[in-house]
Asks: 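This is the structure I have questions about; it appears just below.
None of the values given here were measured: they were computed from a predicted structure.
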Amino acid sequence: MSAWLRVFSLSVALAAAGCAATPAPNQRDMAGGGGATFASWTSEDYRYRIGPGDELSVRFVINPDLNATVVVGPDGRGVFPLISAQDVAGLTAEEANALLSRAYATVLRAPQVETLVAGYGASQIYVGGEVRDAGVKTIKGRLTVAQAVMSAGGFQETARTGRVVVIRQRPGDPRLLMRTIDVRDNLNGRGGDDFAVLPGDLIFVPRSAITEVNRFVRQYVTGVLPFNFNYSINRGTRY
């Protein structure tokens, strides 16, 4: 079992036994023993990050003749006018703006660059547990947790819809992020805290208690996903 799965199983088991600290509202960060912890979510962890296959619209305020549409290649790089290939995968649009502004500053005076994601490449998430069609799902564009569950055939009758688990890993950070949300409220029109899934997310619907995640790890993740939980791999670049 890979390191992230060991941390995941240990942390969930301890959390179920009451060893986890009470998180801030709408956030369920769980801590395990021996220094194994889930990282705290930040506002940046909900932001979409550029990936292979995405189409970027690059606009220049002062030099509109350089406006271009750039497709991010499988290696995470896009070929931009004048400055050639730049690695933009894993960046938010704002971070890409900053990177391109620095790059264009070497050839232009005070460049003002605006980058927008104009089209989304196909990426993968994994949906497991008490859903009708568990497995890797291809997503394109914005998809909420509830919609992701629906893409896996919807809940089984045994699903605990009020405690759906979302596991995420931020680029460049080996620690995992974990959160549980009440999808039931969202589907019943009572609002709820649903949010957009990101490429590489792992979504698990337990049967009766959060301890079901351990069974999920053993029966689904270890046997079905033959790779380490890694952002770039789950972007679909190496399937």
Asks: Whether the side chain of Glu94 engages the backbone of Ala98 through a donor-acceptor N/O pair (distance < 3.5 Å, no angle test) should be reported.
Replies: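 No, Glu94 side chain to Ala98 backbone: no donor-acceptor pair under 3.5 Å.
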Asks: I need the Arg179 CZ to Asp45 CG distance, nearest 0.5 Å.
Replies: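 Reported to 0.5 Å precision, the distance equals 11.0 Å.
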Asks: Can you tell me how far the CD atom of Gln112 sits from the CG atom of Leu100, to the nearest 0.5 Å?
Replies: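 Separation between the atoms: 14.0 Å.
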Asks: Please assess Phe60 against Val113 for the test side-chain contact (heavy atoms from CB on, under 4.5 Å), listing each intermediate value before the final yes or no.
Replies: CA-CA 5 Å; Phe60 294 79; Val113 186; 3.7 Å; yes
Asks: Any donor and acceptor pair, going by atom type alone, linking the side chain of Arg132 with main-chain N or O of Phe155 inside 3.5 Å?
Replies: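 Side chain of Arg132 to backbone of Phe155: a pair is present.
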Asks: For the residue pair Ala152 and Val127, what are the closest heavy atoms and their distance?
Replies: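 Smallest heavy-atom distance, with atoms named: CB-CG1, 3.7 Å.
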Asks: How long is the span from the CD1 atom in Ile50 to the CG atom in Asp87, to the nearest 0.5 Å?
Replies: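 Ile50 CD1 to Asp87 CG: 10.0 Å, rounded to 0.5 Å.
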Asks: Working note: Leu56 + Leu116, criterion side-chain contact (heavy atoms from CB on, under 4.5 Å); need CA distance, chi angles, decisive distance, verdict.
Replies: CA-CA 6 Å; Leu56 305 180; Leu116 300 173; over 6 Å; no
Asks: Locate the shortest heavy-atom distance separating Gly51 from Val72; write the atom from each residue and the value.
Replies: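 Gly51 and Val72 have their closest heavy atoms at O-CB, 3.6 Å.
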Asks: What is the distance from atom CD1 of Ile125 to atom OG of Ser151, rounded to the nearest 0.5 Å?
Replies: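 So the CD1 of Ile125 and the OG of Ser151 are separated by 5.0 Å.
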Asks: Could you state whether Phe80 and Leu82 fall into the same hydrophobic cluster, counting links through intermediate Ile, Leu, Val, Met, Phe, Trp or Tyr residues with side-chain heavy atoms under 4.5 angstrom apart?
Replies: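 Same cluster.
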Asks: Measure across Ser40 and Arg170 and return the closest heavy-atom pair with its distance rounded to 0.1 Å.
Replies: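 Of all heavy-atom pairs spanning Ser40 and Arg170, the closest is O-NH2, 3.1 Å.
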Asks: Verify, without hydrogens or angle tests, whether Tyr104 (side chain) and Pro81 (backbone) share a donor-acceptor contact under 3.5 angstrom.
Replies: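 Yes: the side chain of Tyr104 pairs with the backbone of Pro81.
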Asks: For residues Val205 and Arg160, report the shortest heavy-atom separation together with the two atoms involved.
Replies: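 The answer is CG1-N, 4.3 Å.
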Asks: So which atom in Phe195 and which in Arg168 form the shortest heavy-atom distance, rounded to 0.1 Å?
Replies: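 For Phe195 versus Arg168, the nearest heavy atoms are CE1-NH2, 3.7 Å.
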Asks: Find out whether Arg207 and Gln156 are in side-chain contact, i.e. whether some heavy atom of one side chain is under 4.5 Å from a heavy atom of the other.
Replies: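 In short, these two side chains do not touch, never coming nearer than 4.5 Å.
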Asks: Are the side chains of Ile83 and Val107 in contact, using a 4.5 Å heavy-atom criterion?
Replies: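 Yes, close enough: below the 4.5 Å cut-off.
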Asks: Begin with the C-alpha distance, continue with both residues' side-chain angles, and end with the deciding distance and a verdict on salt bridge (charged side-chain N to carboxylate O under 4.0 Å, His left out) for Glu95 and Arg49.
Replies: CA-CA 9 Å; Glu95 291 169 343; Arg49 294 183 178 274; 3.0 Å; yes
Asks: Can you check side-chain contact (heavy atoms from CB on, under 4.5 Å) on Met178 and Val165, steps first, answer last?
Replies: CA-CA 7 Å; Met178 180 178 177; Val165 177; 3.5 Å; yes
Asks: Do Tyr48 and Thr92 have side chains that get closer than 4.5 Å, going by heavy atoms?
Replies: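 Side chain of Tyr48 against side chain of Thr92, heavy atoms only: no contact under 4.5 Å found.
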Asks: Would you kindly confirm whether Val79 and Val117 end up in one hydrophobic cluster when ILVMFWY residues are joined by side chain heavy atoms under 4.5 Å apart?
Replies: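 No, no single cluster joins them.
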Asks: If you look at every heavy atom in Val71 and Gly53, which pair is closest and at what distance?
Replies: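 Scanning both residues completely, I find the closest heavy atoms to be CG1-O, 4.3 Å.
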Asks: Heavy-atom distance under 4.5 Å between the side chains of Glu114 and Val61, does that happen here?
Replies: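 No, too far: nothing below the 4.5 Å cut-off.
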Asks: Rounded to the nearest 0.5 Å, what separation is found between the OG1 atom of Thr180 and the CG atom of Asp182?
Replies: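 It is 9.0 Å, given to the nearest 0.5 Å.
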Asks: Short question: side chain of Asn97, backbone of Thr115 - any donor-acceptor pair under 3.5 Å?
Replies: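 Judged by distance alone, yes, a pair lies under 3.5 Å.
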Asks: Say whether, by atom type as modelled, one donor and one acceptor occur between the side chain of Asp194 and the main chain of Val183 under 3.5 angstrom.
Replies: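 Not a single qualifying donor-acceptor pair exists.
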Asks: How many angstroms lie between atom CG of Leu66 and atom CZ of Arg59, to the nearest 0.5 angstrom?
Replies: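 Interatomic distance, Leu66 CG to Arg59 CZ, rounded to 0.5 Å: 11.5 Å.
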